Amino acid sequence: MNLSILIPLLNEEESLKELYSWIIKVMQSNNYSYEIIFVDDGSTDDSWNIIESFSNENPNVKGIRFMKNFGKSQALHAGFAKAQGDVIITMDADLQDSPDEIPGLYEMVTAQKYDLVSGWKKKRYDSVVAKNLPSKLFNWAARKTSGVELNDFNCGLKAYKNTVVKNIEVSGEMHRYIPVLAKNAGFGKIGEKVVIHQARKYGETKFGMERFINGFLDLITIWFLSRFGKRPMHLFGAIGSLMFIIGFLAAGYIGVSKLYHMYTGMKYSLVTNNPWFYIALTTMVLGTQLFLAGFLGEIILRTKSNEARYKVAREVNF
């Protein structure tokens, strides 16, 4: 199978029929063998009934319905697990991603041998203050932190080799950082393609300003996981040990200094009257806590169970 088109969605009943017809037109004009996987992330409108009607008329259309809204990352994870195509294309269901970009993305993966190709919405039709400027700042920080040179991490239109999606773990809200996850998994050829960004035709965006705040927090998380996710003791243990040693030496110096003053008959005061004693004590306590945090992290890492992060209510055509 050439292509798997993966579309996570939430309450997009107005755009689904137009999107479906557009994708089918592109598939037929290029003679692709394909499947379209809609992942309904807990929609409360008529989205699922529309998806079922597509699947009844076209066996290449498949659907997964979550019991409630679990998030885009979980929707992508579920779709990646089911995808069978040599190339997987992800796109949003709001018609802001153009299906006409699919052949170009497919060619970059198959002919130019990219592992992953990310869309770049160079010209956007979003609010400059509410979305464009925060997005530019976010993408700059993501590039500097991850080392992946992409201009648009947030673009939902991406193409992947099948082996990429089967070897990365998308969880939490890490869908923004799939290129970083792919890089950390050993897939080095990551490219970018300028794509058309269309103004939203129906409804309202499901993402507000909070996504940028969450995005920066997730960026810190993925930085930590990429470097210390498999060895948290190397970070917390090292910092904790250093702090404990500094505090211990400082406390020792204070104690020895008092004994020296007592021995030589010099004037001295109680150790507890010295503010540096409390600084040293605090440093030792914090160092011990950080060391224990690293130790507990190692234990959790080795005993954690892979609990399902979402619940599927229904599936069609699988």
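Predicted model, so just to flag it, every value in this text is computed and none were measured.
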Taking [Y]'s backbone N and O only, do any of them form a donor-acceptor pair with [X]'s side chain (distance below 3.5 Å, no angle check)?
X	Y	value
Gln74	Phe70	yes
Thr264	Tyr260	yes
Ser43	Asp40	no
Glu13	Asp46	yes
Lys183	Ser146	yes
Thr90	Gly156	yes
Ser241	Ala238	no
Asn162	Val87	no
Ser98	Ile196	no
Asp41	Gly71	yes

Identify all side-chain donor-acceptor contacts of residues 279-297 below 3.5 Å with residues at least two apart in sequence or on another chain.
from	atom 1	to	atom 2	distance (Å)
Thr282	OG1	Tyr278	O	2.8
Thr283	OG1	Ile279	O	2.8
Thr288	OG1	Met284	O	2.9

Within this structure, what is the [atom1]-[atom2] distance for the pair [X] and [Y], rounded to the nearest 0.5 Å?
X	Y	atom1	atom2	result
Leu10	Thr44	CG	OG1	7.0 Å
Leu116	Ile190	CG	CD1	5.5 Å
Glu35	Leu3	CD	CG	9.5 Å
Asp86	Ser4	CG	OG	8.5 Å
Glu192	Cys155	CD	SG	8.5 Å
Ile5	Ile24	CD1	CD1	9.5 Å

Any carboxylate oxygen within less than 4.0 angstrom of a Lys/Arg side-chain nitrogen, looking at [X] and [Y]?
X	Y	result
Lys161	Asp115	yes
Glu101	Lys193	yes
Arg314	Glu52	yes
Lys121	Asp97	yes

Same cluster or not: are [X] and [Y] linked, directly or through other Ile, Leu, Val, Met, Phe, Trp or Tyr residues, by side-chain heavy atoms under 4.5 angstrom apart?
X	Y	result
Val316	Leu19	yes
Ile89	Trp22	yes
Met91	Val194	no
Val312	Val170	yes
Val26	Leu16	yes

Quick one: are Lys258 and Leu270 in side-chain contact, heavy atoms under 4.5 Å? yes
State, yes or no, whether a side-chain contact exists between Ile254 and Trp276 at a heavy-atom distance under 4.5 Å. yes
Name all residues meeting the side-chain contact (heavy atoms from CB on, under 4.5 Å) criterion together with Tyr263; count only those two or more places apart in sequence or in a different chain, and write none if there are none. none
Quiz item: cation-pi between Lys82 and Phe318, 6.0 Å / 45°: yes
How about [atom1] on [X], more than 12 heavy atoms from neighbouring residues, nucleotides or ligands closer than 6.0 Å, or not?
X	atom1	value
Met1	CE	yes
Lys25	NZ	no
Lys166	NZ	yes

Output, in order, the C-alpha distance, side-chain angles, deciding distance and verdict of side chain to side chain contact (heavy atoms under 4.5 Å, CB included) for Lys158 and Leu105. CA-CA 8 Å; Lys158 291 182 172 67; Leu105 292 168; over 6 Å; no
Does Phe153 form a side chain to side chain contact (heavy atoms under 4.5 Å, CB included) with Ile178? I'd like the steps, not just the answer. CA-CA 8 Å; Phe153 284 82; Ile178 292 179; over 6 Å; no
Looking at [X] and [Y], what are the two nearest heavy atoms and their distance?
X	Y	answer
Ala93	Leu9	CB-CB, 3.8 Å
Phe38	Ile36	CE1-CG2, 3.5 Å
Leu181	Glu169	CD1-O, 3.6 Å
Ala182	Val164	CB-CG1, 4.0 Å
Ile168	Ala185	CG2-CB, 4.2 Å
Gly79	Ile37	O-CD1, 4.2 Å

Specify whether Phe248 and Phe244 have parallel, tilted or perpendicular ring planes, treating 30° as the upper limit for parallel and 60° as the lower limit for perpendicular. parallel
Specify whether Phe66 and Tyr310 have parallel, tilted or perpendicular ring planes, treating 30° as the upper limit for parallel and 60° as the lower limit for perpendicular. parallel
What pairs meet the ring-ring contact (aromatic ring centres under 6.0 Å, His included) rule with one or both residues in residues 79-110, with sequence neighbours excluded? Tyr32-Tyr106, Phe80-Tyr160
If you apply the rule side-chain hydrogen bond (donor to acceptor under 3.5 Å, both in side chains), what do you find for Asn2 with Ser33, and how did you get there? CA-CA 5 Å; Asn2 298 135; Ser33 57; 3.1 Å; yes
Apply the test side chain to side chain contact (heavy atoms under 4.5 Å, CB included) to residues Val117 and Val109: give CA-CA distance (whole Å), side-chain angles for both, the deciding distance (0.1 Å), then the verdict. CA-CA 7 Å; Val117 180; Val109 174; 4.0 Å; yes
Are Leu6 and Val39 close enough, and set up right, to give a side chain to side chain contact (heavy atoms under 4.5 Å, CB included), and what steps lead you there? CA-CA 8 Å; Leu6 175 56; Val39 184; 3.6 Å; yes
